[in-house]
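Notes for the one structure printed next.
All chains are named by letter (A, B, ...) in the order of the sequence lines, taking the proteins before the strands, and each is independently numbered beginning at 1.
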Number of protein chains: 2
Amino acid sequence: MDKAQNHLQDTETRILQAAEKEFFEKGYAGARTASIAEAAGVTHAMLHYYFRTKDKLFERIVSGKINMLADILLSAVGDANLPLEERIRQGIERHFDFISANRDLPRFIVNEVLSRPEQVDAMNRNVQSIVNEVLDNLQQEIDEYAAKGLCRRVDARMLLIDIVSLNVFPFMAAPIVYGAIGSAYGDYEEFLARRKRENVKTILEKLKIN
Amino acid sequence: MDKAQNHLQDTETRILQAAEKEFFEKGYAGARTASIAEAAGVTHAMLHYYFRTKDKLFERIVSGKINMLADILLSAVGDANLPLEERIRQGIERHFDFISANRDLPRFIVNEVLSRPEQVDAMNRNVQSIVNEVLDNLQQEIDEYAAKGLCRRVDARMLLIDIVSLNVFPFMAAPIVYGAIGSAYGDYEEFLARRKRENVKTILEKLKIN
DNA sequence: TTCGCTTTTAACAAAATTGTTAGTCTTATT
DNA sequence: AATAAGACTAACAATTTTGTTAAAAGCGAA
(Lines give C-alpha, C1' and ligand atoms only; values in the text may rest on other atoms or scores of the structure.)
Protein backbone atom coordinates (compact mmCIF):
# COMPACT_ATOMS: atom_id res chain seq x y z
CA MET A 1 0.00 0.00 0.00
CA ASP A 2 2.81 2.40 0.78
CA LYS A 3 4.66 2.05 -2.49
CA ALA A 4 1.44 2.07 -4.49
CA GLN A 5 0.40 5.20 -2.64
CA ASN A 6 3.80 6.68 -3.32
CA HIS A 7 3.46 6.07 -7.00
CA LEU A 8 0.00 7.57 -6.98
CA GLN A 9 1.01 10.60 -4.99
CA ASP A 10 3.98 11.11 -7.21
CA THR A 11 2.10 11.75 -10.42
CA GLU A 12 -0.79 13.27 -8.56
CA THR A 13 1.41 15.87 -6.90
CA ARG A 14 3.29 16.45 -10.12
CA ILE A 15 0.01 17.27 -11.79
CA LEU A 16 -0.95 19.48 -8.87
CA GLN A 17 2.30 21.38 -9.01
CA ALA A 18 2.08 21.87 -12.75
CA ALA A 19 -1.56 22.89 -12.39
CA GLU A 20 -0.75 25.45 -9.75
CA LYS A 21 1.88 27.00 -11.96
CA GLU A 22 -0.38 27.06 -15.00
CA PHE A 23 -3.41 28.42 -13.14
CA PHE A 24 -1.29 31.08 -11.44
CA GLU A 25 0.27 32.19 -14.68
CA LYS A 26 -2.71 32.06 -17.00
CA GLY A 27 -5.80 31.93 -14.83
CA TYR A 28 -8.54 29.36 -15.08
CA ALA A 29 -9.74 30.34 -18.53
CA GLY A 30 -6.26 30.62 -19.98
CA ALA A 31 -4.94 27.40 -18.51
CA ARG A 32 -4.86 24.34 -20.75
CA THR A 33 -5.19 20.86 -19.32
CA ALA A 34 -2.85 19.64 -22.05
CA SER A 35 -0.17 22.13 -20.96
CA ILE A 36 -0.54 21.06 -17.37
CA ALA A 37 -0.19 17.41 -18.30
CA GLU A 38 2.81 18.12 -20.48
CA ALA A 39 4.50 20.15 -17.75
CA ALA A 40 3.82 17.33 -15.32
CA GLY A 41 5.28 14.83 -17.78
CA VAL A 42 2.14 12.72 -18.14
CA THR A 43 -0.49 12.19 -20.78
CA HIS A 44 -3.44 14.49 -20.40
CA ALA A 45 -5.71 11.50 -19.84
CA MET A 46 -3.97 11.09 -16.48
CA LEU A 47 -5.12 14.50 -15.44
CA HIS A 48 -8.69 13.43 -15.98
CA TYR A 49 -8.03 10.09 -14.36
CA TYR A 50 -6.92 11.77 -11.12
CA PHE A 51 -9.11 14.84 -11.09
CA ARG A 52 -11.99 14.11 -13.48
CA THR A 53 -12.33 17.66 -14.77
CA LYS A 54 -10.35 20.85 -15.14
CA ASP A 55 -12.83 22.43 -12.76
CA LYS A 56 -12.24 19.96 -9.95
CA LEU A 57 -8.49 20.32 -10.36
CA PHE A 58 -8.86 24.07 -10.11
CA GLU A 59 -11.03 23.82 -7.00
CA ARG A 60 -8.36 21.69 -5.41
CA ILE A 61 -5.71 24.34 -6.00
CA VAL A 62 -7.95 27.15 -4.83
CA SER A 63 -9.02 25.54 -1.59
CA GLY A 64 -5.39 24.88 -0.68
CA LYS A 65 -4.52 28.51 -1.24
CA ILE A 66 -7.50 29.90 0.63
CA ASN A 67 -6.40 28.07 3.73
CA MET A 68 -3.04 29.84 3.57
CA LEU A 69 -4.77 33.15 4.07
CA ALA A 70 -6.17 32.31 7.47
CA ASP A 71 -2.79 30.85 8.45
CA ILE A 72 -0.81 33.95 7.63
CA LEU A 73 -3.28 36.14 9.44
CA LEU A 74 -2.94 34.07 12.59
CA SER A 75 0.83 33.75 12.33
CA ALA A 76 1.13 37.51 12.00
CA VAL A 77 -0.59 38.04 15.33
CA GLY A 78 2.61 37.25 17.19
CA ASP A 79 3.52 37.01 20.87
CA ALA A 80 0.95 38.55 23.15
CA ASN A 81 3.56 39.64 25.69
CA LEU A 82 5.52 41.87 23.38
CA PRO A 83 4.81 45.59 23.58
CA LEU A 84 2.15 46.73 21.12
CA GLU A 85 4.49 48.59 18.81
CA GLU A 86 6.80 45.62 18.54
CA ARG A 87 3.94 43.26 17.87
CA ILE A 88 2.59 45.41 15.09
CA ARG A 89 6.04 45.76 13.56
CA GLN A 90 6.41 42.00 13.66
CA GLY A 91 2.96 41.47 12.18
CA ILE A 92 3.66 43.80 9.29
CA GLU A 93 6.99 42.19 8.60
CA ARG A 94 5.64 38.65 8.72
CA HIS A 95 2.82 39.57 6.42
CA PHE A 96 5.22 41.27 4.04
CA ASP A 97 7.54 38.27 4.07
CA PHE A 98 4.68 35.91 3.41
CA ILE A 99 3.56 37.89 0.39
CA SER A 100 7.16 38.13 -0.73
CA ALA A 101 7.45 34.34 -0.55
CA ASN A 102 4.17 33.91 -2.45
CA ARG A 103 4.37 36.72 -4.94
CA ASP A 104 1.76 35.42 -7.35
CA LEU A 105 -0.79 34.55 -4.69
CA PRO A 106 -2.48 37.95 -4.36
CA ARG A 107 -3.05 38.28 -8.05
CA PHE A 108 -4.42 34.76 -8.19
CA ILE A 109 -6.82 35.39 -5.32
CA VAL A 110 -8.00 38.68 -6.69
CA ASN A 111 -8.38 37.39 -10.24
CA GLU A 112 -9.60 33.92 -9.91
CA VAL A 113 -11.26 33.73 -6.54
CA LEU A 114 -12.91 37.11 -6.19
CA SER A 115 -14.66 36.77 -9.53
CA ARG A 116 -16.49 33.67 -8.28
CA PRO A 117 -19.19 34.68 -5.82
CA GLU A 118 -19.49 31.24 -4.25
CA GLN A 119 -15.74 31.21 -3.55
CA VAL A 120 -15.96 34.66 -2.05
CA ASP A 121 -18.69 33.47 0.29
CA ALA A 122 -16.61 30.47 1.31
CA MET A 123 -13.62 32.70 1.95
CA ASN A 124 -15.57 35.18 3.98
CA ARG A 125 -17.10 32.42 6.07
CA ASN A 126 -13.63 31.05 6.76
CA VAL A 127 -11.89 34.35 7.35
CA GLN A 128 -14.46 36.67 8.88
CA SER A 129 -14.70 35.15 12.35
CA ILE A 130 -10.95 34.90 12.78
CA VAL A 131 -10.38 38.40 11.40
CA ASN A 132 -12.92 39.79 13.78
CA GLU A 133 -11.37 38.05 16.73
CA VAL A 134 -7.92 39.28 15.85
CA LEU A 135 -9.24 42.77 15.30
CA ASP A 136 -11.21 42.89 18.53
CA ASN A 137 -8.14 41.89 20.49
CA LEU A 138 -5.97 44.39 18.70
CA GLN A 139 -8.50 47.16 19.18
CA GLN A 140 -8.71 46.40 22.87
CA GLU A 141 -4.96 46.53 23.22
CA ILE A 142 -4.74 49.77 21.29
CA ASP A 143 -7.43 51.26 23.51
CA GLU A 144 -5.56 50.24 26.64
CA TYR A 145 -2.35 51.80 25.39
CA ALA A 146 -4.22 54.91 24.37
CA ALA A 147 -5.86 55.18 27.78
CA LYS A 148 -2.40 55.29 29.29
CA GLY A 149 -1.37 57.94 26.79
CA LEU A 150 1.09 55.60 25.08
CA CYS A 151 -0.39 55.76 21.59
CA ARG A 152 -3.18 57.23 19.59
CA ARG A 153 -6.61 55.64 19.62
CA VAL A 154 -6.55 54.42 16.03
CA ASP A 155 -9.12 52.18 14.40
CA ALA A 156 -7.79 48.62 14.25
CA ARG A 157 -9.88 47.70 11.20
CA MET A 158 -8.61 50.61 9.20
CA LEU A 159 -5.11 49.80 10.34
CA LEU A 160 -5.39 46.25 9.03
CA ILE A 161 -6.61 47.45 5.65
CA ASP A 162 -3.73 49.93 5.55
CA ILE A 163 -1.21 47.21 6.27
CA VAL A 164 -2.53 44.77 3.73
CA SER A 165 -2.85 47.46 1.09
CA LEU A 166 0.68 48.72 1.58
CA ASN A 167 2.18 45.26 1.69
CA VAL A 168 0.28 43.63 -1.13
CA PHE A 169 -0.20 46.21 -3.84
CA PRO A 170 3.44 46.70 -4.83
CA PHE A 171 3.71 42.97 -5.46
CA MET A 172 0.56 42.82 -7.52
CA ALA A 173 1.55 45.74 -9.66
CA ALA A 174 5.24 44.95 -9.52
CA PRO A 175 6.09 45.47 -13.19
CA ILE A 176 4.78 49.04 -13.21
CA VAL A 177 5.62 49.99 -9.65
CA TYR A 178 9.18 48.81 -9.97
CA GLY A 179 9.51 49.76 -13.64
CA ALA A 180 8.29 53.32 -13.24
CA ILE A 181 9.51 54.11 -9.73
CA GLY A 182 11.20 51.33 -7.81
CA SER A 183 14.17 50.88 -10.09
CA ALA A 184 15.50 54.18 -8.74
CA TYR A 185 16.31 52.31 -5.51
CA GLY A 186 18.54 49.62 -7.02
CA ASP A 187 17.59 46.07 -7.86
CA TYR A 188 14.20 44.65 -7.11
CA GLU A 189 15.13 42.95 -3.83
CA GLU A 190 16.70 46.14 -2.58
CA PHE A 191 13.56 48.02 -3.45
CA LEU A 192 11.46 45.47 -1.58
CA ALA A 193 13.59 45.74 1.56
CA ARG A 194 13.14 49.48 1.40
CA ARG A 195 9.38 49.16 0.97
CA LYS A 196 9.16 46.84 3.93
CA ARG A 197 10.84 49.35 6.21
CA GLU A 198 8.74 52.13 4.78
CA ASN A 199 5.49 50.29 5.45
CA VAL A 200 6.43 49.63 9.06
CA LYS A 201 7.26 53.29 9.47
CA THR A 202 4.04 54.45 7.84
CA ILE A 203 1.88 52.34 10.10
CA LEU A 204 3.72 53.04 13.33
CA GLU A 205 3.57 56.73 12.53
CA LYS A 206 -0.21 56.51 12.69
CA LEU A 207 0.01 55.14 16.22
CA LYS A 208 2.66 57.47 17.53
CA ILE A 209 1.59 60.37 19.70
CA ASN A 210 2.85 63.81 18.68
CA MET B 1 -20.28 60.28 -45.75
CA ASP B 2 -21.64 61.51 -42.45
CA LYS B 3 -24.56 59.14 -42.24
CA ALA B 4 -22.50 56.22 -43.47
CA GLN B 5 -19.86 57.04 -40.90
CA ASN B 6 -22.54 57.28 -38.27
CA HIS B 7 -23.85 53.90 -39.15
CA LEU B 8 -20.34 52.48 -39.17
CA GLN B 9 -19.39 54.06 -35.85
CA ASP B 10 -22.61 52.87 -34.38
CA THR B 11 -21.95 49.16 -34.69
CA GLU B 12 -18.24 49.66 -34.26
CA THR B 13 -18.67 51.45 -30.95
CA ARG B 14 -21.32 49.00 -29.86
CA ILE B 15 -18.87 46.20 -30.41
CA LEU B 16 -16.20 48.17 -28.56
CA GLN B 17 -18.46 48.75 -25.58
CA ALA B 18 -19.52 45.14 -25.42
CA ALA B 19 -15.92 44.06 -25.79
CA GLU B 20 -14.75 46.28 -22.96
CA LYS B 21 -17.38 44.82 -20.67
CA GLU B 22 -16.57 41.25 -21.63
CA PHE B 23 -12.79 41.68 -21.40
CA PHE B 24 -13.10 43.46 -18.06
CA GLU B 25 -15.33 40.78 -16.62
CA LYS B 26 -13.69 37.67 -17.99
CA GLY B 27 -10.24 38.66 -19.12
CA TYR B 28 -8.79 38.01 -22.54
CA ALA B 29 -8.76 34.25 -22.29
CA GLY B 30 -12.23 34.00 -20.81
CA ALA B 31 -13.83 36.43 -23.23
CA ARG B 32 -15.74 34.97 -26.17
CA THR B 33 -16.04 36.85 -29.45
CA ALA B 34 -19.51 35.34 -29.86
CA SER B 35 -20.61 36.75 -26.48
CA ILE B 36 -19.27 40.16 -27.41
CA ALA B 37 -21.11 40.11 -30.70
CA GLU B 38 -24.31 38.96 -29.07
CA ALA B 39 -24.09 41.67 -26.39
CA ALA B 40 -23.50 44.22 -29.14
CA GLY B 41 -26.48 42.88 -31.04
CA VAL B 42 -24.59 41.91 -34.19
CA THR B 43 -23.49 38.69 -35.81
CA HIS B 44 -20.04 37.63 -34.76
CA ALA B 45 -18.83 37.94 -38.32
CA MET B 46 -19.20 41.69 -37.90
CA LEU B 47 -16.71 41.65 -35.09
CA HIS B 48 -14.14 40.14 -37.42
CA TYR B 49 -15.16 42.49 -40.21
CA TYR B 50 -14.38 45.52 -38.06
CA PHE B 51 -11.48 44.27 -35.99
CA ARG B 52 -10.10 41.27 -37.88
CA THR B 53 -9.17 39.27 -34.77
CA LYS B 54 -10.00 38.98 -31.11
CA ASP B 55 -6.44 40.04 -30.44
CA LYS B 56 -6.68 43.31 -32.35
CA LEU B 57 -9.97 44.12 -30.64
CA PHE B 58 -8.33 43.51 -27.29
CA GLU B 59 -5.36 45.70 -28.14
CA ARG B 60 -7.73 48.49 -29.03
CA ILE B 61 -9.40 48.31 -25.63
CA VAL B 62 -6.09 48.08 -23.78
CA SER B 63 -4.44 51.03 -25.49
CA GLY B 64 -7.45 53.20 -24.68
CA LYS B 65 -7.21 52.27 -21.03
CA ILE B 66 -3.47 52.73 -20.77
CA ASN B 67 -3.84 56.32 -21.85
CA MET B 68 -6.22 56.96 -18.95
CA LEU B 69 -3.42 56.19 -16.52
CA ALA B 70 -1.19 59.01 -17.64
CA ASP B 71 -4.19 61.34 -17.64
CA ILE B 72 -5.21 60.63 -14.07
CA LEU B 73 -1.64 61.04 -12.89
CA LEU B 74 -1.42 64.45 -14.48
CA SER B 75 -4.87 65.54 -13.35
CA ALA B 76 -3.98 64.60 -9.78
CA VAL B 77 -1.05 67.00 -9.78
CA GLY B 78 -3.35 69.94 -9.15
CA ASP B 79 -2.79 73.68 -8.80
CA ALA B 80 0.82 74.62 -8.24
CA ASN B 81 -0.06 77.63 -6.08
CA LEU B 82 -1.91 75.70 -3.40
CA PRO B 83 0.02 74.92 -0.23
CA LEU B 84 1.74 71.54 -0.32
CA GLU B 85 -0.55 69.84 2.13
CA GLU B 86 -3.64 70.95 0.27
CA ARG B 87 -2.21 69.83 -3.05
CA ILE B 88 -1.40 66.40 -1.75
CA ARG B 89 -4.83 66.05 -0.19
CA GLN B 90 -6.38 67.03 -3.49
CA GLY B 91 -4.17 64.63 -5.41
CA ILE B 92 -5.10 61.72 -3.15
CA GLU B 93 -8.78 62.51 -3.41
CA ARG B 94 -8.74 62.90 -7.16
CA HIS B 95 -6.90 59.65 -7.54
CA PHE B 96 -9.31 57.91 -5.19
CA ASP B 97 -12.31 59.30 -7.07
CA PHE B 98 -10.89 58.22 -10.38
CA ILE B 99 -10.43 54.66 -9.16
CA SER B 100 -13.87 54.79 -7.62
CA ALA B 101 -15.32 55.78 -10.99
CA ASN B 102 -13.36 53.03 -12.75
CA ARG B 103 -13.56 50.22 -10.25
CA ASP B 104 -12.67 47.41 -12.60
CA LEU B 105 -9.76 49.18 -14.21
CA PRO B 106 -7.04 48.25 -11.70
CA ARG B 107 -7.85 44.58 -11.84
CA PHE B 108 -7.92 44.70 -15.61
CA ILE B 109 -4.54 46.42 -15.79
CA VAL B 110 -2.93 44.11 -13.27
CA ASN B 111 -4.38 40.96 -14.80
CA GLU B 112 -4.40 41.53 -18.45
CA VAL B 113 -1.74 44.11 -19.08
CA LEU B 114 0.96 43.23 -16.58
CA SER B 115 1.06 39.63 -17.75
CA ARG B 116 2.08 40.79 -21.23
CA PRO B 117 5.72 41.94 -21.19
CA GLU B 118 5.42 43.96 -24.40
CA GLN B 119 2.45 45.87 -22.94
CA VAL B 120 4.37 46.49 -19.75
CA ASP B 121 7.21 47.97 -21.77
CA ALA B 122 4.82 50.19 -23.68
CA MET B 123 3.22 51.34 -20.44
CA ASN B 124 6.51 52.07 -18.80
CA ARG B 125 7.70 54.03 -21.80
CA ASN B 126 4.53 56.10 -21.70
CA VAL B 127 4.38 56.57 -17.97
CA GLN B 128 7.95 56.66 -16.73
CA SER B 129 8.97 60.09 -18.01
CA ILE B 130 5.82 61.78 -16.78
CA VAL B 131 5.97 60.00 -13.42
CA ASN B 132 9.54 61.08 -12.98
CA GLU B 133 8.79 64.68 -13.81
CA VAL B 134 5.89 64.77 -11.40
CA LEU B 135 7.96 63.13 -8.72
CA ASP B 136 10.93 65.42 -9.19
CA ASN B 137 8.72 68.46 -8.82
CA LEU B 138 6.99 67.04 -5.78
CA GLN B 139 10.28 66.10 -4.19
CA GLN B 140 11.64 69.55 -4.75
CA GLU B 141 8.59 71.14 -3.17
CA ILE B 142 8.76 68.79 -0.20
CA ASP B 143 12.41 69.63 0.27
CA GLU B 144 11.68 73.33 0.21
CA TYR B 145 8.97 72.96 2.81
CA ALA B 146 11.21 70.76 4.89
CA ALA B 147 14.03 73.29 4.70
CA LYS B 148 11.66 75.84 6.24
CA GLY B 149 10.73 73.34 8.93
CA LEU B 150 7.16 73.08 7.64
CA CYS B 151 7.13 69.35 7.00
CA ARG B 152 9.26 66.27 7.19
CA ARG B 153 11.68 65.47 4.39
CA VAL B 154 9.85 62.41 3.09
CA ASP B 155 10.67 60.49 -0.06
CA ALA B 156 8.28 61.50 -2.82
CA ARG B 157 8.60 58.19 -4.65
CA MET B 158 7.69 56.19 -1.60
CA LEU B 159 4.86 58.57 -0.92
CA LEU B 160 3.41 57.98 -4.38
CA ILE B 161 3.55 54.23 -3.95
CA ASP B 162 1.88 54.59 -0.57
CA ILE B 163 -0.93 56.65 -2.04
CA VAL B 164 -1.57 54.34 -4.96
CA SER B 165 -1.43 51.27 -2.75
CA LEU B 166 -3.84 52.65 -0.20
CA ASN B 167 -6.25 53.94 -2.81
CA VAL B 168 -6.25 51.03 -5.20
CA PHE B 169 -6.02 47.86 -3.15
CA PRO B 170 -9.37 48.08 -1.37
CA PHE B 171 -11.10 48.33 -4.74
CA MET B 172 -9.22 45.39 -6.22
CA ALA B 173 -9.92 43.18 -3.25
CA ALA B 174 -13.31 44.71 -2.56
CA PRO B 175 -15.27 41.51 -1.95
CA ILE B 176 -12.96 40.36 0.83
CA VAL B 177 -11.99 43.73 2.26
CA TYR B 178 -15.58 44.85 2.49
CA GLY B 179 -16.95 41.41 3.31
CA ALA B 180 -14.55 40.66 6.12
CA ILE B 181 -13.97 44.16 7.54
CA GLY B 182 -15.63 47.01 5.73
CA SER B 183 -19.21 45.99 6.33
CA ALA B 184 -18.73 47.05 9.96
CA TYR B 185 -18.81 50.65 8.72
CA GLY B 186 -22.20 50.53 7.02
CA ASP B 187 -22.91 50.15 3.34
CA TYR B 188 -20.20 49.99 0.74
CA GLU B 189 -20.32 53.64 -0.28
CA GLU B 190 -20.11 54.72 3.34
CA PHE B 191 -17.11 52.49 3.82
CA LEU B 192 -15.44 54.00 0.78
CA ALA B 193 -15.96 57.54 2.01
CA ARG B 194 -14.38 56.52 5.30
CA ARG B 195 -11.42 54.93 3.51
CA LYS B 196 -10.87 58.03 1.45
CA ARG B 197 -10.61 60.21 4.57
CA GLU B 198 -8.40 57.63 6.23
CA ASN B 199 -5.98 57.52 3.31
CA VAL B 200 -5.62 61.29 3.27
CA LYS B 201 -4.94 61.24 6.98
CA THR B 202 -2.41 58.42 6.72
CA ILE B 203 -0.40 60.20 4.07
CA LEU B 204 -0.50 63.65 5.61
CA GLU B 205 0.57 62.13 8.91
CA LYS B 206 3.80 61.06 7.26
CA LEU B 207 4.51 64.63 6.28
CA LYS B 208 3.53 66.28 9.54
CA ILE B 209 6.26 67.33 11.90
CA ASN B 210 5.92 66.15 15.51
C1' DT C 1 -31.87 53.78 -62.55
C1' DT C 2 -27.51 51.88 -62.42
C1' DC C 3 -22.97 51.46 -60.70
C1' DG C 4 -19.78 50.85 -57.13
C1' DC C 5 -18.75 50.86 -52.46
C1' DT C 6 -19.48 49.54 -47.76
C1' DT C 7 -22.07 46.85 -44.52
C1' DT C 8 -24.28 42.65 -43.21
C1' DT C 9 -25.60 37.77 -43.14
C1' DA C 10 -25.51 32.77 -43.14
C1' DA C 11 -23.07 28.99 -43.73
C1' DC C 12 -18.89 26.83 -43.45
C1' DA C 13 -13.97 25.43 -42.20
C1' DA C 14 -10.16 24.58 -39.22
C1' DA C 15 -8.20 24.22 -35.07
C1' DA C 16 -8.15 23.73 -30.28
C1' DT C 17 -9.81 21.84 -26.10
C1' DT C 18 -12.03 19.01 -22.77
C1' DG C 19 -13.33 14.63 -21.76
C1' DT C 20 -14.02 9.36 -22.62
C1' DT C 21 -13.01 4.60 -23.36
C1' DA C 22 -11.19 0.24 -24.30
C1' DG C 23 -7.52 -2.01 -23.50
C1' DT C 24 -2.51 -2.57 -21.76
C1' DC C 25 0.99 -2.53 -18.26
C1' DT C 26 2.70 -2.80 -13.54
C1' DT C 27 2.84 -4.56 -9.12
C1' DA C 28 1.59 -6.52 -4.73
C1' DT C 29 -0.57 -10.54 -2.84
C1' DT C 30 -1.77 -15.26 -2.74
C1' DA D 1 2.70 -18.31 -11.48
C1' DA D 2 -2.10 -16.55 -11.30
C1' DT D 3 -4.88 -12.91 -10.12
C1' DA D 4 -6.81 -8.63 -9.05
C1' DA D 5 -6.40 -3.79 -8.51
C1' DG D 6 -4.80 0.30 -9.66
C1' DA D 7 -1.94 3.12 -12.99
C1' DC D 8 -1.39 4.26 -17.51
C1' DT D 9 -1.70 4.93 -22.82
C1' DA D 10 -3.35 5.90 -27.38
C1' DA D 11 -6.92 6.83 -30.02
C1' DC D 12 -11.16 8.88 -30.50
C1' DA D 13 -15.41 11.87 -29.87
C1' DA D 14 -17.94 16.09 -28.99
C1' DT D 15 -18.01 20.61 -28.38
C1' DT D 16 -16.45 25.12 -28.56
C1' DT D 17 -14.23 28.84 -30.63
C1' DT D 18 -11.99 31.69 -33.86
C1' DG D 19 -11.89 33.06 -38.30
C1' DT D 20 -13.30 32.98 -43.52
C1' DT D 21 -16.05 33.50 -47.56
C1' DA D 22 -19.38 34.08 -50.98
C1' DA D 23 -23.29 36.24 -51.67
C1' DA D 24 -27.02 39.58 -50.34
C1' DA D 25 -28.56 44.11 -48.83
C1' DG D 26 -28.12 49.05 -48.23
C1' DC D 27 -26.91 53.41 -49.96
C1' DG D 28 -24.96 57.45 -52.10
C1' DA D 29 -23.34 59.40 -56.59
C1' DA D 30 -23.24 59.58 -61.57
*CZ of B:Phe51 versus C1' of D:dT18: gap in Å, rounded?*
16 Å

*Nearest-Å distance for atom pair CD/C1', residues B:Glu38 and D:dT16*: 15 Å

*May I ask you to establish whether B:Arg195 and B:Phe171 are in a cation-pi arrangement, using a distance under 6.0 Å from NZ or CZ to the six-membered ring centre and at most 45° from the ring axis?*
no

*Using the test side chain to side chain contact (heavy atoms under 4.5 Å, CB included), find all partners of B:Ala40 that sit at least two apart in sequence or belong to another chain.*
B:Arg14, B:Ile15, B:Ala18, B:Val42

*Qualifying residue for side chain to side chain contact (heavy atoms under 4.5 Å, CB included) with A:Phe96, from A:Asn199, A:Ile163, A:Leu166, A:Val168*: A:Asn199

*Rounded to whole angstroms, how far apart are CG on B:Asp10 and P on D:dG26?*
17 Å

*Is the cationic atom of B:Lys65 (NZ for Lys, CZ for Arg) positioned less than 6.0 Å from the six-membered ring centroid of B:Phe108 and within 45 degrees of its normal?*
no

*Quick one: side-chain hydrogen bond (donor to acceptor under 3.5 Å, both in side chains) partners of B:His95, sequence neighbours excluded?*
B:Asn167

Under-3.5 Å N/O pairs linking protein and nucleotides 14-19 of chain C:
| unit_1 | atom_1 | unit_2 | atom_2 | d |
| --- | --- | --- | --- | --- |
| C:dT17 | OP1 | A:Arg32 | NH1 | 2.6 |
| C:dT18 | OP1 | A:Ala31 | O | 3.4 |
| C:dT18 | OP1 | A:Thr33 | N | 3.4 |
| C:dT18 | OP1 | A:Lys54 | NZ | 3.4 |
| C:dT18 | OP2 | A:Thr33 | N | 3.2 |
| C:dT18 | OP2 | A:Thr33 | OG1 | 2.6 |
| C:dG19 | OP2 | A:Lys54 | N | 2.8 |
| C:dG19 | N7 | A:His44 | NE2 | 3.1 |
| C:dG19 | O6 | A:His44 | NE2 | 3.0 |

*Would you indicate, yes or no, if C:dA10 has its OP1 or OP2 atom less than 4.0 angstrom from a side-chain nitrogen or oxygen of B:Thr43?*
no

_One pair to check against salt bridge (Lys or Arg N to Asp or Glu O under 4.0 Å): B:Glu59 and B:Lys56. What are the steps and the verdict?_
CA-CA 5 Å; B:Glu59 295 281 331; B:Lys56 290 208 191 328; over 6 Å; no

*Can you check whether B:Tyr50 has a side-chain N or O nearer than 4.0 Å to OP1 or OP2 of C:dT8?*
yes

*Mind calculating the distance between CE (B:Met46) and P (C:dT7) to the nearest angstrom?*
8 Å

*Would you indicate, yes or no, if C:dT7 has its OP1 or OP2 atom less than 4.0 angstrom from a side-chain nitrogen or oxygen of B:Tyr49?*
yes

